[in-house]
Every structure is written in C-alpha cells, then in structure tokens.
Trainee: 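Below are the structure tokens for one structure; questions will follow.
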Amino acid sequence: KMLGDSARRAQESRILKPASPGELGGSLGGVPSAWKLWKGKEAVLTKYELGERTSVGAVGSYSIIDNQSFIGDEHHFSSSQPLVVYDARLQKTGVITGSYRLRLKNAADFTDVVRDYNLKVLSEQPEIKMFWVTSSTEPFDLQAMTNTLKKDSRIENVVLEVMSRTYEKR
C-alpha cells in the first residue's frame with residue numbers, strides 16, 4: 001500500500017511542529033545544502049532520562065528537545081552533542097552524529113586511511129569498498145574533516161551522514 005506524503009514524513013521522523021525560517025541557521029559544511037542547523041533544538045539519546053525536558057519529536061534513537069541554550073557547533077563537534085538539522089523543502093528533521101560513509105577506490109587502502117586521519121571504524125563492507133567511520137578524537141571540525149577526506153585521492157566518495165528516519169519493529 002502506498003503511503004501519502006504526510007504519512008511517509010511521519011514515518012521518516014516524528015516531529016510535532018515544522019521548523020520556522022527564523023529557527024534555521026546556515027548550511028553545514030559537508031552536508032547537502034538543503035539541511036540547515038535547527039537552532040534551539042537538541043538531540044538526546046532516547047535511552048537517557050529527559051528529566052524536566054519535553055521531547056518534541058524523535059529521529060532514529062534520538063529524542064529531539066527544545067533547548068534554547070544549546071548552541072550546536074560544527075567546528076567543535078562532539079558525538080555527545082549531535083546536531084539537529086532540518087530540510088524545509090522536504091519538511092524532514094535529521095540528526096548529524098559525526099558518522100561518515102566512505103567509498104574507497106581500493107579497499108586495501110582502508111587501514112592506511114584510518115591511520116592517516118586518526119579515524120574510528122564504525123562498520124565496514126570491504127567487498128563493496130564501503131566503510132563507516134568517525135573521528136577518534138573529539139571535539140573535531142566536521143567541515144574540515146569532510147574537506148580533508150574529499151581531497152584524498154584514495155577516496156572515491158565522502159558523505160557526512162544525516163540520520164533522518166525512525167525505524168520501528170513490527
């Protein structure tokens with residue numbers, strides 16, 4: 001059965017209210033330009049107690065909460081403070097966790113790439129030359145890391161991943 005646009009969006013991320021233009025910051029380096037930083041929103045792993053804070057939605061394993069004092073910073077990124085982003089055209093909310101998807105030209109170069117950039121391996125599929133990594137040091141600069149990886153001739157493609165779906169067990 002085909003899902004309508006609003007039902008599909010609800011499945012992708014559960015946010016009660018779309019972002020207003022005034023809540024959106026600029027584009028983040030390394031992320032497709034449609035994604036803008038959503039000011040005043042914080043992503044907290046759902047497994048943690050929210051305390052007095054109220055969830056305004058969910059993306060993946062994260063609760064999205066209003067927090068006007070939280071200032072996301074792509075230049076001093078830490079996985080303990082993921083960034084909440086919003087695509088106004090698609091009305092989708094996303095979370096940047098600092099995970100990169102790399103496609104290498106030659107899978108045999110992966111160990112050297114990890115060593116050269118001090119990366120932490122999250123997952124790998126060497127048979128298709130795909131690897132998921134993040135920086136092993138925090139905080140780090142998302143934009144600088146993206147630009148550095150894109151310049152490496154051993155790497156065919158670099159994507160700073162945006163989590164934008166909520167998966168439910170059936």
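Atoms considered below: every heavy atom in the structure, side chains included; atoms not considered: hydrogens, waters and symmetry mates.
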Trainee: Group every Ile, Leu, Val, Met, Phe, Trp and Tyr by side-chain heavy-atom contacts under 4.5 Å, then state whether Val121 and Met145 land in the same group.
Mentor: yes

Trainee: Identify the heavy atoms of Ser55 and Ser63 that sit nearest to each other, and give their distance.
Mentor: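 The answer is OG-CB, 3.9 Å.
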
Trainee: Taking side chain to side chain contact (heavy atoms under 4.5 Å, CB included) as the test, write out the residues that go with Ala108, two or more places apart.
Mentor: Asn106

Trainee: Quick one: side chain to side chain contact (heavy atoms under 4.5 Å, CB included) partners of Leu104, sequence neighbours excluded?
Mentor: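 Once residues adjacent in sequence are excluded, the partners of Leu104 under the side chain to side chain contact (heavy atoms under 4.5 Å, CB included) criterion are Leu102, Asp109, Phe110, Val113, Phe131, Ile155.
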
Trainee: As an exercise, state the distance from NE2 of His76 to CG of Leu142, rounded to the nearest 0.5 Å.
Mentor: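 Rounded to the nearest 0.5 Å, the NE2-CG separation comes out at 11.5 Å.
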
Trainee: To check you understand the geometry: which heavy-atom pair defines the closest contact between Ala34 and Asp87, and what is its length?
Mentor: CB-OD2, 3.3 Å

Trainee: When rounded to the nearest 0.5 angstrom, what distance separates NZ in Lys105 from CD in Glu156?
Mentor: 7.0 Å

Trainee: Atom NE2 of residue position His75 - does it have more than 12 heavy atoms of other residues, nucleotides or ligands inside 6.0 Å?
Mentor: yes

Trainee: Look up atom CD in Gln91 and atom NZ in Lys17, then write down how far apart they are to the nearest 0.5 Å.
Mentor: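 The distance works out to 12.5 Å.
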
Trainee: Can you list everything that forms a salt bridge (Lys or Arg N to Asp or Glu O under 4.0 Å) with Arg115? Sequence neighbours excluded, please.
Mentor: Asp112

Trainee: I need the minimum non-hydrogen distance between Val84 and Leu37, along with the two atoms involved.
Mentor: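 Val84 and Leu37 have their closest heavy atoms at O-CD1, 3.5 Å.
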
Trainee: For Lys36 and Val85: C-alpha separation, side-chain torsions, deciding distance, then whether side chain to side chain contact (heavy atoms under 4.5 Å, CB included) applies.
Mentor: CA-CA 5 Å; Lys36 309 281 187 212; Val85 292; over 6 Å; no

Trainee: Run the salt bridge (Lys or Arg N to Asp or Glu O under 4.0 Å) test against Arg154 and tell me which residues pass, sequence neighbours left out.
Mentor: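 Salt bridge (Lys or Arg N to Asp or Glu O under 4.0 Å) check on Arg154 returns Asp116, Asp152.
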
Trainee: Do Ile128 and Trp132 belong together in a cluster built from hydrophobic side chains that touch within less than 4.5 Å?
Mentor: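 Linked, Ile128 and Trp132 end up in one cluster.
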
Trainee: Under the side chain to side chain contact (heavy atoms under 4.5 Å, CB included) criterion, do Leu24 and Trp38 qualify, and how do the steps go?
Mentor: CA-CA 5 Å; Leu24 299 179; Trp38 194 347; 4.3 Å; yes

Trainee: If you look at every heavy atom in Phe77 and Gln81, which pair is closest and at what distance?
Mentor: CE1-O, 4.0 Å

Trainee: Starting at CD of Glu74, measure out to CD1 of Ile96 and round the result to the nearest 0.5 Å.
Mentor: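 It comes to 8.0 Å.
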
Trainee: Provide the closest heavy-atom pair for Trp35 versus Gly94 in the form atom of the first, atom of the second, distance.
Mentor: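 What the structure gives for the nearest pair is CZ3-N, 3.6 Å.
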
Trainee: Do the side chains of Val158 and Leu122 join up, straight or via other hydrophobic residues, at under 4.5 Å, putting them in one cluster?
Mentor: no

Trainee: So, taking the atom named CZ in Arg103 and the one named CD in Gln125, what distance separates them when rounded to the nearest 0.5 Å?
Mentor: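 So the gap between those two atoms works out to 10.0 Å.
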
Trainee: Is the closest side-chain heavy-atom distance between Tyr100 and Ser135 below 4.5 Å?
Mentor: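 When only atoms from C-beta onward are counted, Ser135 and Tyr100 do not touch, as no gap falls below 4.5 Å.
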
Trainee: Check whether Phe70 and Met163 end up in the same hydrophobic cluster, where Ile, Leu, Val, Met, Phe, Trp and Tyr are linked by side-chain heavy atoms less than 4.5 Å apart.
Mentor: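 The answer is no; the residues belong to distinct hydrophobic clusters.
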
Trainee: Any sub-3.5 Å donor-acceptor pair from Thr46's side-chain atoms to Ser61's backbone N or O?
Mentor: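 Yes: the side chain of Thr46 pairs with the backbone of Ser61.
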
Trainee: Are Ile65 and Val56 in one and the same hydrophobic cluster, where Ile, Leu, Val, Met, Phe, Trp and Tyr link if side-chain heavy atoms are under 4.5 Å apart?
Mentor: yes

Trainee: Quick one: salt bridge (Lys or Arg N to Asp or Glu O under 4.0 Å) pairs with a partner in residues 132-145, sequence neighbours left out?
Mentor: none

Trainee: Going by the rule side chain to side chain contact (heavy atoms under 4.5 Å, CB included), which residues pair with Ser136 if we only count those two or more places apart in sequence or in a different chain?
Mentor: Asn118, Lys120

Trainee: For the CG atom on Leu45, are there more than 12 heavy atoms of other groups (residues, nucleotides or ligands in this structure) within a distance under 6.0 Å?
Mentor: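 Yes, enclosed.
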
Trainee: Let me confirm one number: the CG-NZ distance from Leu160 to Lys150, rounded to the nearest 0.5 Å.
Mentor: 9.0 Å

Trainee: Under 3.5 Å, is there a donor on one side chain and an acceptor on the other for Ser99 and Thr97?
Mentor: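 No - no donor-acceptor pair under 3.5 Å links their side chains.
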
